J.: 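Let me give you the structure first, and then I'll get to my questions.
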2 protein chains.
Amino acid sequence: MDTIRPTSRDAILEAAFQTFSKRPGASLAEIADHAGVGRATLHRHFGSREALMAALAQTARDELNDAVDAAVGNTVSHTDGLRRALAAIIPLAERQWFLAQEPVLQNPAIEAAYVADQAALCTAIEEAKAEGTFDPNVPTRWIAETYDSLIFAAWEMVRDDALTADQAADLAWRTLTRGLGTEGLAGKT
Amino acid sequence: MDTIRPTSRDAILEAAFQTFSKRPGASLAEIADHAGVGRATLHRHFGSREALMAALAQTARDELNDAVDAAVGNTVSHTDGLRRALAAIIPLAERQWFLAQEPVLQNPAIEAAYVADQAALCTAIEEAKAEGTFDPNVPTRWIAETYDSLIFAAWEMVRDDALTADQAADLAWRTLTRGLGTEGLAGKT
DNA sequence: TATCCATGAGACATATATGTCTCATTTGAG
DNA sequence: CTCAAATGAGACATATATGTCTCATGGATA
């Protein structure tokens with residue numbers, strides 16, 4: 001059914017991720033070069049810069065959801081799910097990252113997906129609160145922001161070879177759960 | 001001594017901060033418009049886009065250092081200094097933020113200043129470790145990354161009116177010190 | 001082998017950003 | 001008031017990015 005060979009498309013997407021992550025203003029010619037592909041081919045696949053960006057956002061979201069689903073599996077504990085998802089997202093943080101710059105979020109469908117993902121995170125955090133993992137007095141959204149921020153921090157450390165992925169994930173999880181957990185609050189009404 | 005009136009320059013810098021924060025690729029014409037200034041005037045003051053970016057970076061760094069110095073004052077406790085600095089930086093986070101995008105960091109002088117600031121933060125964290133605020137087993141750089149990340153998270157919450165500046169600062173400090181503190185580790189060797 | 005189709009190279013028109021320059025006007029200081 | 005400096009408007013040349021189009025090539029398939 002594919003009327004166009006997939007390899008060029010994939011190469012362009014990969015090159016776009018790598019190049020735009022470092023310089024969001026890079027030209028399409030640069031992307032095409034990096035992908036080892038003619039500039040015309042890039043336009044055949046994506047039509048416009050905007051279409052390419054939308055495809056990148058879609059691809060990144062799919063990758064993220066696949067990784068999270070695979071990591072969480074059929075874990076019953078929401079707390080465990082959040083911990084595993086955190087570790088799984090760290091290696092993907094860079095791609096998610098450059099997409100968070102809003103020029104991409106102009107697209108309504110993409111923004112809607114982003115909002116839905118954030119809502120899902122908040123729901124999971126509420127469940128973990130019920131499991132006693134987080135202090136109910138801390139706003140759920142602050143926990144979510146911290147969750148995302150620590151993933152980014154962990155990715156930076158791993159990128160710079162300051163920590164292994166496992167070490168970074170453990171530190172991030174420790175920071176999150178001790179910082180926002182219920183430990184030491186048992187005495188409070 | 002000023003051969004050029006300062007008001008235009010300041011208006012341009014302010015407009016550039018606001019506009020570039022939202023869209024780093026904005027044109028200089030857009031900046032000039034936003035500043036209520038002719039495009040030629042912008043070039044008279046800054047010569048080139050690159051020069052403008054360097055001026056923005058310099059200005060932002062000065063603002064940050066001034067705010068931190070004012071907040072820290074003659075506080076003797078390094079822990080307290082870090083807490084006060086955190087609260088002081090939150091309102092400035094957006095400006096620091098867009099400067100972290102690397103096109104600006106190409107400038108060697110600016111990058112050097114950035115590295116020096118990070119080193120100063122790490123030194124302060126080491127001192128706070130000595131004061132018992134942070135777990136000595138946690139890498140200092142992880143604490144620094146967490147510090148920066150939580151400032152950004154706090155700024156986002158304040159920007160969206162989800163929290164007041166004070167609430168956000170308290171939550172960030174709690175997350176940092178409980179998450180990476182020595183509480184509950186007393187029993188360990 | 002013959003055919004189809006994605007591709008690469010590159011021409012082309014268009015749009016936009018950048019930086020320079022000129023000139024008339026305004027503003028502020030003396 | 002007078003003059004010098006800063007400014008705004010806009011022309012101008014240049015560079016670069018974008019998107020479209022054409023045509024020849026090469027590989028895969030029937």
Side-chain angles (χ1 to χ4, degrees), chain A residues 1-59 98-99 101-107 109-110, chain B residues 1-59 98-99 101-107 109-110:
Chain A
M1 189 64 77
D2 282 339
T3 54
I4 290 188
R5 299 173 198 159
T7 58
S8 286
R9 188 175 202 277
D10 290 347
I12 292 167
L13 286 175
E14 184 58 32
F17 271 125
Q18 292 180 12
T19 307
F20 283 146
S21 297
K22 295 171 189 164
R23 204 150 27 79
S27 72
L28 299 186
E30 206 168 341
I31 306 295
D33 273 1
H34 196 310
V37 146
R39 202 167 64 88
T41 299
L42 190 153
H43 277 95
R44 282 188 195 101
H45 282 282
F46 297 103
S48 73
R49 185 189 187 90
E50 190 181 4
L52 172 60
M53 294 303 252
L56 288 173
Q58 185 61 53
T59 302
F98 102 89
L99 289 167
Q101 326 292 50
E102 69 245 75
V104 188
L105 292 184
Q106 303 297 18
N107 186 316
I110 295 170
Chain B
M1 188 63 78
D2 282 339
T3 55
I4 290 189
R5 298 173 198 161
T7 57
S8 286
R9 187 175 205 276
D10 290 348
I12 292 166
L13 286 174
E14 185 59 31
F17 270 126
Q18 291 180 12
T19 308
F20 283 145
S21 297
K22 295 172 187 162
R23 207 151 22 80
S27 72
L28 298 187
E30 207 168 339
I31 306 295
D33 273 1
H34 196 310
V37 145
R39 202 166 64 87
T41 300
L42 189 153
H43 278 95
R44 282 188 196 102
H45 281 282
F46 297 103
S48 72
R49 185 188 187 90
E50 192 181 4
L52 172 60
M53 293 303 251
L56 288 173
Q58 185 61 52
T59 302
F98 101 89
L99 289 168
Q101 324 291 48
E102 68 244 81
V104 188
L105 292 183
Q106 305 296 18
N107 186 316
I110 294 169

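From a predicted model like this one, the values you see are computed outputs, not experimental measurements. Within every chain, numbering begins at 1; the chains are lettered A, B, ... in the order of the sequence lines, protein sequences first and strands thereafter. The figures that follow rest on heavy atoms only: side chains count, while hydrogens, waters and symmetry mates do not.
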J.: Identify, with sequence neighbours excluded, every residue that meets side-chain contact (heavy atoms from CB on, under 4.5 Å) alongside B:T59.
T.: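 B:T59 satisfies side-chain contact (heavy atoms from CB on, under 4.5 Å) with B:L13, B:F17, B:E63 once adjacent residues are dropped.
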J.: Over how many whole Å does the gap from A:R9 atom CZ to C:dT7 atom P extend?
T.: 11 Å
J.: With side-chain contact (heavy atoms from CB on, under 4.5 Å) as the criterion, how do A:L56 and A:F98 come out once you've worked through the C-alpha distance, each side chain's angles and the decisive distance to 0.1 Å?
T.: CA-CA 10 Å; A:L56 288 173; A:F98 102 89; 3.9 Å; yes
J.: Residues in salt bridge (charged side-chain N to carboxylate O under 4.0 Å, His left out) with A:E50, at least two apart?
T.: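 If we apply the salt bridge (charged side-chain N to carboxylate O under 4.0 Å, His left out) test to A:E50, skipping adjacent residues, there are no hits.
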J.: Send over the distance from A:L42 CG to C:dG10 C1', rounded to a whole Å.
T.: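 It is 16 Å, rounded to the nearest whole Å.
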J.: How many whole angstroms separate atom CG of A:D10 from atom P of C:dT7?
T.: 11 Å
J.: Between A:F20 and A:L52, does the side-chain contact (heavy atoms from CB on, under 4.5 Å) criterion hold? Intermediate values first, please.
T.: CA-CA 11 Å; A:F20 283 146; A:L52 172 60; 4.1 Å; yes
J.: Mind checking if A:G36 touches a base, just sugar-phosphate, or nothing, with heavy atoms under 4.0 Å?
T.: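 Here A:G36 touches the backbone only, sparing every base.
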J.: Which atom pairs, donor and acceptor, lie under 3.5 Å between side-chain atoms of residues 36-43 of chain B and protein residues at least two apart or in another chain?
T.:
{"residue": "B:T41", "atom": "OG1", "partner": "B:R44", "partner atom": "NH1", "Å": "3.4"}
{"residue": "B:H43", "atom": "ND1", "partner": "B:R39", "partner atom": "O", "Å": "3.4"}

J.: Using OP1 and OP2 only, check whether a side-chain N or O of A:T41 sits under 4.0 Å from C:dG8.
T.: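 Checking C:dG8 against A:T41, a side-chain N or O does come within under 4.0 Å of OP1 or OP2.
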J.: Tell me every residue that passes side-chain contact (heavy atoms from CB on, under 4.5 Å) with A:E14, counting only those two or more places apart in sequence or in another chain.
T.: A:Q18, A:R95
J.: Enumerate the protein-to-nucleotides 18-22 of chain C contacts in which both atoms are nitrogen or oxygen and the separation is below 3.5 Å.
T.:
{"residue": "C:dT18", "atom": "OP1", "partner": "B:R49", "partner atom": "NH1", "Å": "2.3"}
{"residue": "C:dT18", "atom": "OP2", "partner": "B:L28", "partner atom": "N", "Å": "2.7"}
{"residue": "C:dG19", "atom": "OP2", "partner": "B:H43", "partner atom": "NE2", "Å": "3.4"}
{"residue": "C:dG19", "atom": "OP2", "partner": "B:R49", "partner atom": "N", "Å": "3.1"}
{"residue": "C:dG19", "atom": "N7", "partner": "B:R39", "partner atom": "NH1", "Å": "3.1"}
{"residue": "C:dG19", "atom": "O6", "partner": "B:R39", "partner atom": "NH2", "Å": "2.7"}

